[in-house]
Amino acid sequence: MDERIMRGRVYGADHDDPEAGLRPGHAYVELVGGPLDGLLLDVTGWTEADRAEGALLPTEIGRFGPGGRSAYGPRAGVPGRFDWRGDLR
């Protein structure tokens, strides 16, 4: 997928949804590195424990293609960033 299309987009949003951007009152973290680099993850309603655990995000563009997941976790000292940890089946 064209990197320019993915930048500033919210993970899980339909690529042709005109309302796919940031929503007022929602909290986001930026995904850094890996196949989802530059996308924003909506963490609205996540507890501190949820954020500390990170996320396993289904993606078809990771190392394992369809059915694969990318692991992202919080960057120490930077609350608005989740760093890529690797891809999983």
Which atom pairs, donor and acceptor, lie under 3.5 Å between side-chain atoms of residues 52-70 and protein residues at least two apart or in another chain?
residue: T59; atom: OG1; partner: I61; partner atom: N; Å: 3.2
residue: R69; atom: NH2; partner: R89; partner atom: O; Å: 2.8
residue: S70; atom: OG; partner: D87; partner atom: OD1; Å: 2.5

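- Cluster membership for V43 and L39, using ILVMFWY side-chain heavy atoms within less than 4.5 angstrom, is shared.
- Residue R51 comes nearest to A27 through the heavy atom pair NH2-CB, 3.7 Å, listed as atom of the first residue, atom of the second, then distance.
- Listed for the D37 side chain is a donor-acceptor partner under 3.5 Å among the backbone atoms of G33.
- Residues V10 and Y28 have side chains in contact (heavy-atom distance under 4.5 Å, counting atoms from C-beta outward).
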(message) The test is side chain to side chain contact (heavy atoms under 4.5 Å, CB included); show your working for L41 and F82 and say whether it passes.
(response) CA-CA 9 Å; L41 178 64; F82 273 19; 4.2 Å; yes
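- One distance of note links CZ of R75 with CG of D83; it measures 4.0 Å at 0.5 Å rounding.
- L36 places a side-chain heavy atom less than 4.5 Å from the side chain of Y72.
- Using modelled atom types, no side-chain atom of Y11 and backbone atom of L31 make a donor-acceptor pair closer than 3.5 Å.
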(request) Verify side chain to side chain contact (heavy atoms under 4.5 Å, CB included) between L22 and L40, making sure each step is shown before the conclusion. (result) CA-CA 9 Å; L22 302 177; L40 302 173; 3.3 Å; yes
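- Residues satisfying the side-chain hydrogen bond (donor to acceptor under 3.5 Å, both in side chains) test with D42, not counting sequence neighbours, are H26, T44.
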